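As the structure is a computational prediction, the values presented were derived from the model and not from experiment. Keep in mind that the numbers below use all heavy atoms, side chains included, and drop hydrogens, waters and symmetry copies. Each chain gets a letter, A, B and so on, in the order its sequence line appears, and its residues count up from 1.
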Amino acid sequence: MDSERYNAREAEPKWQRIWEESEIFRTPNDDPRPKYYVLEMFPYPSGRIHMGHVRNYTMGDVIARYKRARGFNVLHPMGWDAFGMPAENAAWHRKSHPADWTYANIAAMRGQLKSMGLSLDWSREIATCDPAYYKHQQRMFLDFLKAGLVVRKKSKVNWDPLDHTVLANEQVIDGRGWRSGVLVEQRELTQWFFKITDFAEDLLRALDELRRWPEKVRLMQANWIGRSEGLALRFELEPAPQIASREVEVYTTRQDTLFGAKFLAIAADHPLAAEIARNDKALAGFIAECHHGGSSAAAIETAAKKGYDTGVKASHPFDRERRLPLYVANFVLMDYGTGAIFGCPAHDQRDLDFANKYGLGNTPVVCPPGEDPATFTIGATAYEGDGVLINSRFLDGMTTQAAKEEVARRLEAKPLGKRPQGRREVHYRLRDWGISRQRYWGCPIPVIHCGACGVVAVPARDLPVELPRDMSFDEPGNPLDRHPTWKHVPCPACGAPALRETDTMDTFVDSSWYFARFTDPWNAAAPTTAEWIEKWLPVDQYIGGIEHAILHLLYARFFTRAMQATGHVGALMEPFAGLFTQGMVVHETYRSKAGEWFYPANVRIEARPDGRHAFHVDSGEEVVIGAIEKMSKSKRNTVDPDDIISAYGADTARWFVLSDSPPERDVIWTEEGVQGAAKFVQRLWRLVGELASLAAPAGTLAPGTFSASAMEIRRTVHMSLITLDDDIERLRFNRAVAQVHDLANKLSAAIGAVETTKIGQDIRAAFREAADILVMMIAPMMPHLAEECWAALGHADMAAEAGWPVADRALVVEDTIALPVQVNGRKRADLVVARDAGRAAIEAAAVALEPVRRALDGRPVKKIIIVPQRIVNVVS
RNA sequence: GCGGGCGUGGCGGAACUGGUAGACGCGCUGGACUCAAAAUCCAGUUCUGGUUGACAGAGUGUCGGUUCGACUCCGACCGCCCGCACCA
């Protein structure tokens, strides 16, 4: 082998072509080997891949290639999350059809992904906008409908005025649409909902079983589901001329504080508020005011607590003489609990703020530990913790927990009308998932509205309900609704003229089951074949961004349960056994004095004694190096993967995104770092060349005995392999990279050491083994370079189809070991002893060491601690 | 406010369940090779003191504790980041 530079530009497309032609990454379903399903979150076809994709798909590819070499039947597919707003926006701006725009983007991005050398089974590629994909989704929708897991209900919804569509709660961030960024409005609309709340308890409980999920994500989901245990409690209302209602039900988790109650408050949209308002113009005005101001989360945050005294009084469940005023209050939410609360000012900050404003007073009923019950009072801060009950008759002296239990027990036994006055209840913060979207580029909801028959499911034979192709996008609003003919159809039940549903499904529905669709070979006649889903799922390792911790990952967990409930999968409950959330790719920002942002490609960095300086390439003007931030178009701190791959090659890009930073943390993209990776590619190429020139030919039998120096090489290599195996298994790619660097350094040193002496057959065999193992170790991370090296080493097969080298653990056990010796916890010397040296021998040798004697400085030894094969500590 | 995470050299980061702090890389410094530059190779690089070498002391955000021994465990505090947020 000559010492020419490794030419990635030639080698990479060559190996990509060979892999594709030999179909080695095609995954058969009926392979008897153990399965391993590795999946990265599929991309939205925006048109170009970005560095985040490079990082995400490189990590997945390392795992896929590693597991494949280890003998697993690996499923590693790719697809496109292809429905969504940008396609419609593009249609409007460029007068191109959303389908054309989307498929052109897919073609471009597929080419980019292929240039990365990913070991994907492209025969399983899917796009969610393909009728062959969404027909299954429509069928499942109808099965869910039949099973009661889809309902149509009137509801207050989040309305995005810019995108002209409804958003799920999960898609509203800080009161703004997750995509448009504009303030969301509240509207009453009839919408389709997935009954995710039916699974609230199970979705919460099963989080405990997801051992291979990040703790953070499980916590975020648990908080989102927001389980609370409390008491639904009915207050009796005193008869009053303005109302017919005789009671109001509140929900509380603090029934122990019932004797501290000073008022009741109901939400502005509570039916009782509407009832009273019929005869109370001022209240009607107040309710309108609440609706007006209180829509966005941001407005709620700053809004002061406001209430309206209805004049209605409620009686305390344990004391009819206590009469509590009924307020309508702006801080009570209709969609949590019962939309009504009892206010205990002493032990709830909101209630205290409210009570102070309206002069309702407070009575402390829970005394904090360490406080004197006789003198404990509440000022401006409510006490929300646990304690001992006071001022509460039969509860006095009880703990918070005991008092909760006692109140619940008594109210469950106490009738009000025909029912008990109290009822233990579990409430969730989680809301049902509204999926109706007033958009064109989404999966049509397969129902028909008939004046006589109501909502009628589209018959199975008519699926899929396909989107019409002839569309105009020149007006805002739902284009499907404006289409001249599409929605007019006869009712499948009675034949009378009827109307199609013109809403389409939230695109998060599309991504809630795509991992299941991949398991079924493309073009298979059977829809979502349960057999293959059960063979492949759960996904063994799922990788994607933390931004999907709630939205996508919760929806997918729900959808899998709904599929199971409707017979689309067997016993499977969780779609993703292992989840890894990777960090972002971040980059410095560059800005001119005038405030103009510059792309890194247009900036030249110069290192000077006083630090790094940046200059615009064309003008030469010095630009300011700004903060390191997430790559974004607005700050122009993006690096185009295409540019990197054409300049350095895919292996360099892959190597760099795996280096340095732990995969769950952000990685800083730097020009120096990429150049370092590129240099290392060349160095490896030279190193393998040198090893090849010294090594025994491929397939040569190893000699029976190895000299000490040959053994040292072998030990180094096997030790390195053991470490790397562990690093990859635990997704610690930055350590795997460091391990390869380390081995390369050690092998270079070993070559330097032997070249002067006459090289023996045992050394040649050791170098042969070292070269083979080194190349296999880099193969998951830099697959093209590995193939080129593998071929140069004389192998007839491809590295991508070679088995993983087996580390010999017996080899790394040495006869003598170096034990660090501490004096009073500080390391003073190394002690070289036989591995099986006895305690007495170690003690004697340790205190005899010169640095130990010096550190002891004549003091007597009190004791010696010996941790076998780890450390010796001499205590004086 | 609630919940969670993180603080280690000039920088990114190592240090497995308490056992040699700073692996590996970037950067920097010096040297070799070269007419020269790039590339490559070699050596050094936590801080302080010491004439160089081995040498001594300090050191993982701060203060305290447990321990033969603490980046790791416990308590209090400081700083930064993320998620949720009028959820009764």
Side-chain angles (χ1 to χ4, degrees), chain A residues 3 5 173-174 214-220 222-224 226-228 230-231 250-255 257 265 294 297 300-301 303 305 329-333 335-344 347-351 353-354 384 427-431 546-547 549-550 607 609 611-612 656 659-662 664-668 670-673 675-677 679-680 682-683 686 723 726-727 730 732 734-745 748 752 818-830 851 854-855 862-867 869-876:
Chain A
S3 58
R5 287 176 66 78
I173 295 146
D174 290 336
E215 183 66 18
K216 182 186 170 74
V217 175
R218 296 189 331 207
L219 268 162
M220 282 168 74
N223 290 339
W224 190 264
R227 184 180 199 274
S228 85
L231 192 72
V250 306
Y251 174 71
T252 182
T253 56
R254 289 303 300 271
Q255 62 268 23
T257 65
I300 284 168
E301 198 174 346
K305 305 223 171 344
N330 66 347
F331 71 94
V332 180
L333 308 174
D335 54 3
Y336 186 80
T338 59
I341 60 157
F342 80 79
C344 176
H347 303 293
D348 184 290
Q349 191 59 45
R350 292 158 305 174
D351 296 348
D353 294 344
F354 190 81
E384 300 186 346
H427 281 248
Y428 301 91
R429 207 188 77 112
L430 184 69
R431 298 276 85 93
I546 186 75
E547 67 273 19
I550 296 172
R612 294 166 72 249
F656 179 69
S659 307
D660 289 347
S661 291
E664 70 278 9
R665 269 191 240 174
D666 292 350
V667 63
I668 305 169
T670 62
E671 187 60 27
E672 294 93 324
Q675 283 171 4
K679 282 180 193 173
F680 189 66
Q682 297 299 336
R683 183 171 167 221
R686 285 194 307 273
T723 310
D726 187 53
D727 290 337
R730 296 163 68 179
R732 296 161 60 141
N734 57 320
R735 280 181 44 118
V737 164
Q739 194 53 232
V740 171
H741 271 286
D742 199 39
L743 180 59
N745 290 346
S748 290
L819 274 182
V821 180
Q822 299 178 324
V823 175
N824 294 329
R826 185 161 190 101
K827 191 206 166 190
R828 296 295 174 177
D830 281 310
R854 205 181 321 121
K862 278 193 197 142
K863 60 173 164 175
I864 299 176
I865 287 159
I866 297 173
V867 182
Q869 300 185 40
R870 274 229 104 119
I871 204 159
V872 178
N873 192 8
V874 180
V875 185
S876 71

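Considering only the side chain of A:R732, B:rA15 comes nearest among B:rA15, B:rC87, B:rG13. The side chain of A:T252 approaches B:rA88 more closely than any other nucleotide in the set B:rC41, B:rC24, B:rA88. Across B:rG19, B:rA88, B:rC26, the shortest atom-to-atom separation from the side chain of A:T253 is found for B:rA88. Of the candidate nucleotides B:rA14, B:rC86, B:rG19, B:rC86 has the atom nearest to the side chain of A:F331. Closest to the side chain of A:R730, out of B:rU20, B:rG83, B:rC16, is B:rC16. Proximity note for A:A738 (side chain, C-beta onward) versus B:rG13, B:rA88, B:rC24: the nearest is B:rC24. Taking every side-chain heavy atom of A:I668 into account, B:rG12 is the closest of B:rG27, B:rG12, B:rC84.
Residue contacts shown for A:V332 include a base, since a base heavy atom lies under 4.0 Å away. Contacts of A:D726 with the nucleic acid, taken as non-hydrogen atoms under 4.0 Å apart, are absent. The residue A:Q822 sits close to a base: some heavy atom pair falls under 4.0 Å. Residue-level contact check: A:K862 touches neither bases nor backbone, having no heavy atom under 4.0 Å from any strand. Within 4.0 Å of A:L219, counting heavy atoms only, lie sugar-phosphate atoms of the nucleic acid but no base atom. Residue A:S659 is out of contact with every strand shown, counting any heavy-atom pair closer than 4.0 Å. Base engagement by A:N873 is indicated by at least one non-hydrogen atom pair under 4.0 Å involving a base atom. At the heavy-atom level, A:D353 lies nowhere under 4.0 Å from the strands shown.
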Which nucleotides of RNA chain B pair, in dot-bracket form (Watson-Crick or G-U under 3.5 Å, | meaning another strand): (((((((..(((......[....)))((((((.......))))))((((.....))))..(((((..]....))))))))))))....
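The closest side-chain heavy-atom distance from A:K863 to A:V875 is below 4.5 Å.
A syn base is found at B:rG9: its glycosidic angle is within 90° of 0.
Remark: A:E664 CD to A:N734 CG distance equals 7.5 Å, nearest 0.5 Å.
For the pair A:K305 and A:F331, the cation sits on the ring face: its NZ or CZ lies under 6.0 Å from the ring centre, inside 45° of the axis.
Interface remark: the A:K305 side chain does form a donor-acceptor pair with the B:rC86 base, using a distance-only criterion of under 3.5 Å.
With 3.5 Å as the limit, one finds a donor-acceptor pair spanning the side chains of A:S876 and A:N824.
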With the criterion being N/O to N/O and under 3.5 Å, what pairs connect the protein with nucleotides 52-57 of chain B, and how long is each?
from   : atom 1 : to     : atom 2 : distance (Å)
B:rC55 : O3'    : A:R854 : NH1    : 3.4
B:rA56 : OP1    : A:R854 : NH1    : 3.1
B:rG57 : OP2    : A:R828 : NH1    : 3.2

